[in-house]
Amino acid sequence: MSDSTIRARFAPSPTGHLHVGGARSALFNFLYCRRHGGKFVLRIEDTDIERNIAGAEQKILDDLRWLGIDWDEGPDVGGPGAPYMQSECLDQYHAARDKLLADGHAYYAFETADELNAMREQAQAESGGFKYPRPDPLPTAADAEKARAEGRPVVVRFKTPAEDVSIHDEILGDVTLAAGELDDFVIVKANGWPTYHLAVVVDDARMQVSHVLRAQEHLMNTPKHVLLQRALGVAMPKYAHLPLVFNIDGSKMSKRDKHKAVRQGVKDAIKQNTLTKERVCEITGADAKAVERWIKKKADTELSMEQVVTLAGEIGVDMPEIDVFDFRRSGYMPEALVNFIALIGWSPGGDREKLTLDEMIEAFSLERIGKTAGRFDREKLLAMNLDWCSELPTDRLLVQFKDWAALNDCHLGKLDDDTLSAVIDACRGFKIFPDIVTKAGILFEPDENVVYDDKAVKKNLAKNDGAGFATLEKLRDALAGVDDWSVDHLDAVVKDLVKATGSKMGDVAQPLRVAVAGRPVSPGIGQTLVFLGKDKTLYRIGRCLELRGA
RNA sequence: GACGCCGUAGCGUAGCGGCCGAACGUGCCGGGCUUUCAUCCCGGAGAUCGCGGAUUCGAAUCCCGUCGGCGUCACCA
């Protein structure tokens, strides 16, 4: 059941980390190839030299690998379709351009951006849609030369034929774009670089891409690509446009959501006088004008993503996870994230939901991809992550927890593997990794970091004339004599005291828990004490007992 | 505005002409287990399958219309 002629690709632009939407596109291409024994190709679309971000390519590769997605050909592994970086293919795009020009399928144009905008506005006011008016006669190479000499921008436009374009989409069915809907779009920019359309067609042909699975936002680009393929005389791959992915409120899931969240946080903080605009400038290193514009207007570009991230950290605002890396840093398991992402727009059928990557490969088919736009439900993801975390073996969790701890500078990451494994197991039932820190983190911090929660002290220790404190004293005496500092034995010690005093487990365990953790939450009491060790346990109890007078 | 896509409980999906008086998961509400939190277990509410019409003995499922949502209309990809 393998078809070696199947070749699909994922072609991200190096503008930052991998967006979850992009991750899903990558995943579907990957699944399709693996299912049918095809080749999965990774290509970096870096033709927009202005927007390329240094290091982004590596980030995307890392994000994909973290998810468990690998590829047969790509910029890092090479392959017969090389190069896999569009920036290394300039001569091929130029060859395509020259062929198109020579065959009368393309022509030069010289308008400036301002002129084009003016034409658009006018068209908007008069009739509605703007279509680039094809000049007659078409400019010649000599005209282009002259324009260049005059300092005008020279682009190459495709001479879109006046014919209906029908494509058969593997998901959507037949989609037809009527003749005249498309205008003569730019295929080579003034700086000599190809636009996305030309580059995609040239590269897909060279790499012999047989299937293009991409998000539906590209649907209207496809006729352009098909026309270009015909003009160039290259094969047309099969297309499958994936349903879009939205936020739970129906808005588009974009990096702007991060700006939005932080902007709101900044506004609130300023209103509450806990932050000033000057301080924002300090934190971000941006000038006052930029900050002002960023806050007031929707000019996200005034601040870079790095600046926004620092700002969020500084003022304590949570940003929504948008990129795969955001989820990694937030403490999700890759197994859960890929599983969740796969189910947006695809289903294995029946009531099956939880699948490993291998099971997804086994079950994957284009027919089972839906047409309905999906929503990214974070609560469902959370539940799914919990599910995966409760079933995955500890050693697997350990690897990812250490990764997460390193990214977050978490002190638990410094524990030895055995201890950390025990901590993870003691906290089973957690949704995401930070929950582990919430529950057990304090046990591995310096004793001085223990802050006693007023409510907990009142409820578990001070109430009833300090009944809890009294119990605590007995506990201290009992524990001081314990030699076998093990979970079982310590649990027994606590239970014995419960029996001896005729009280309930909560009357004994809770005061102890609050004494050593400062809060009424920790792993099982025996386990909690083992993590702490005898000395620290007794020390913390003593320290807590000092609260009695206060 | 033009063109295109979509429309099943809050959300994600299953079902794709009779098994549907619509299923599963999540979320919500209630109960139980438990030394805490979380987990776990049990129960419940929640959908006239966007709306209208047509075809049919029979429609969530096929057809037409309508409304709504979204996407694309860049020298970004």
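Side chains are part of it too, since the values below use all heavy atoms of this structure and drop only hydrogens, waters and symmetry mates. Here is the naming used below: chain letters follow the sequence lines, and residue numbers restart at 1 for every chain.
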Salt bridge (Lys or Arg N to Asp or Glu O under 4.0 Å) against [X], all qualifying residues, sequence neighbours excluded:
X        : answer
A/Arg368 : none
A/Glu217 : none
A/Arg148 : none
A/Arg519 : none

Rounding to an integer number of Å, can you tell me how far [X] [atom1] sits from [N] [atom2]?
X        : N     : atom1 : atom2 : answer
A/Arg375 : B/C6  : CZ    : C1'   : 12 Å
A/Leu381 : B/U26 : CG    : C1'   : 11 Å
A/Lys371 : B/C70 : NZ    : P     : 21 Å
A/Glu121 : B/A74 : CD    : P     : 13 Å
A/Ile167 : B/U72 : CD1   : P     : 16 Å
A/Leu244 : B/C70 : CG    : P     : 11 Å
A/Tyr196 : B/A77 : OH    : C1'   : 6 Å
A/Arg378 : B/G27 : CZ    : C1'   : 16 Å

Query raised in the report: Which dot-bracket string fits RNA chain B when only Watson-Crick or G-U wobble pairs with both atom distances under 3.5 Å count, crossing pairs get [ ], and | stands for a partner on a different strand?
Result: ((((((((.[[[[.)..(....]]]].(((((.......))))).....[[[[...).....]]]])))))))....
N/O-N/O pairs, protein side and nucleotides 37-40 of chain B side, under 3.5 Å:
unit_1 : atom_1 : unit_2   : atom_2 : d
B/C37  : O2     : A/Lys439 : NZ     : 2.7
B/C37  : N3     : A/Lys439 : NZ     : 2.8
B/A38  : O2'    : A/Gly429 : O      : 2.5
B/U39  : OP1    : A/Lys431 : NZ     : 3.1

Query - Lys/Arg N to Asp/Glu carboxylate O, A/Lys371 vs A/Asp169, below 4.0 Å - result: no
Query raised in the report: Any donor-acceptor pair under 3.5 Å joining the side chain of A/Gln216 to the base of B/G4?
Result: no
For [N] and [M], measure between their [atom1] atoms and round to the nearest Å.
N     : M     : atom1 : answer
B/G4  : B/G43 : C1'   : 46 Å
B/A9  : B/G52 : C1'   : 23 Å
B/G15 : B/C28 : P     : 27 Å
B/G69 : B/G58 : C1'   : 32 Å
B/G71 : B/A77 : C1'   : 15 Å
B/C37 : B/A23 : P     : 34 Å

Set out, line by line, the N/O atom pairs under 3.5 Å between protein and nucleotides 29-35 of chain B.
unit_1 : atom_1 : unit_2   : atom_2 : d
B/U35  : O2     : A/Arg513 : NH2    : 2.1

Report task. Using a heavy-atom cut-off of under 4.0 Å over every strand shown, decide if A/Pro243 touches base, sugar-phosphate, or nothing. Result ->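 No contact.
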Query raised in the report: When all nucleic acid strands are considered with a 4.0 Å heavy-atom cut-off, which category describes A/Phe340: base, sugar-phosphate, or nothing?
Result: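 A/Phe340: no heavy atom of the nucleic acid under 4.0 Å.
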Under 3.5 Å, is there a donor-acceptor pair between the [X] and [Y] side chains?
X        : Y        : result
A/Tyr332 : A/Glu321 : no
A/Thr176 : A/Asp164 : no
A/Asp174 : A/His168 : yes
A/Asn221 : A/Tyr196 : no
A/Arg513 : A/Ser522 : yes
A/Ser13  : A/Thr15  : no

Give each protein N/O atom lying under 3.5 Å from an N/O atom of nucleotides 14-18 of chain B, with the pair distance.
unit_1 : atom_1 : unit_2   : atom_2 : d
B/A14  : O3'    : A/Arg368 : NH2    : 3.3
B/G15  : OP1    : A/Arg368 : NH1    : 3.3
B/G15  : OP1    : A/Arg368 : NH2    : 3.0
B/G15  : OP2    : A/Arg368 : NH2    : 3.4

If you compare every side-chain N and O of [X] against the phosphate oxygens of [N] (OP1, OP2), does one of them come in below 4.0 Å?
X        : N     : value
A/Thr47  : B/C76 : no
A/Arg157 : B/C75 : yes
A/Lys189 : B/C76 : yes

Query raised in the report: Going by the angle between their ring planes, with limits at 30° and 60°, are A/Phe340 and A/Phe376 parallel, tilted or perpendicular?
Result: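 Perpendicular, since the angle between the ring planes exceeds 60°.
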Query raised in the report: If you look only at pairs with a residue in residues 172-194 of chain A, which of them pass as a ring-ring contact (aromatic ring centres under 6.0 Å, His included), with sequence neighbours excluded?
Result: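 Every ring-ring contact (aromatic ring centres under 6.0 Å, His included) pair that includes a residue of residues 172-194 of chain A, provided the two are not neighbours, is A/Phe158-A/Phe185, A/Phe185-A/His197.
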**Report entry** Members of residues 13-28 of chain A that approach RNA chain B, where some heavy atom sits under 4.0 Å away
**Finding:**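 Close to the strand are A/Ser13.
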Minimum-distance nucleotide to [X] side chain [options: [options]]:
X        : options             : answer
A/Met220 : B/A77, B/G71, B/C75 : B/G71
A/Glu217 : B/C3, B/U13, B/U72  : B/U72
A/Glu379 : B/G27, B/C3, B/G25  : B/G27
A/His197 : B/U72, B/U26, B/A77 : B/A77

Query raised in the report: Passes salt bridge (Lys or Arg N to Asp or Glu O under 4.0 Å), A/Lys380 versus A/Glu353? Steps please.
Result: CA-CA 12 Å; A/Lys380 172 90 178 179; A/Glu353 201 166 68; 3.0 Å; yes
Query raised in the report: Nearest nucleotide by nearest heavy atom, which residue falls closer to the 5' end of RNA chain B, A/Arg352 or A/Met384?
Result: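 The residue mapped nearer the 5' terminus is A/Arg352.
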Query raised in the report: What pairs with A/Val450 under side chain to side chain contact (heavy atoms under 4.5 Å, CB included), at least two apart in sequence or on another chain?
Result: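 With sequence neighbours excluded, A/Val450 shows a side chain to side chain contact (heavy atoms under 4.5 Å, CB included) to A/Ile442, A/Tyr452, A/Arg540, A/Arg543, given in chain and number order.
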Query raised in the report: With sequence neighbours excluded, what pairs up with A/Lys458 under the side chain to side chain contact (heavy atoms under 4.5 Å, CB included) test?
Result: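 Side chain to side chain contact (heavy atoms under 4.5 Å, CB included) list for A/Lys458, sorted by chain: empty.
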**Report entry** Donor-acceptor under 3.5 Å (A/Asp435 side chain, A/Ile432 main chain)
**Finding:** yes
Query raised in the report: When the aromatic ring centroids of A/Phe10 and A/Phe28 are compared, is their separation below 6.0 Å?
Result: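 Not under 6.0 Å, so no.
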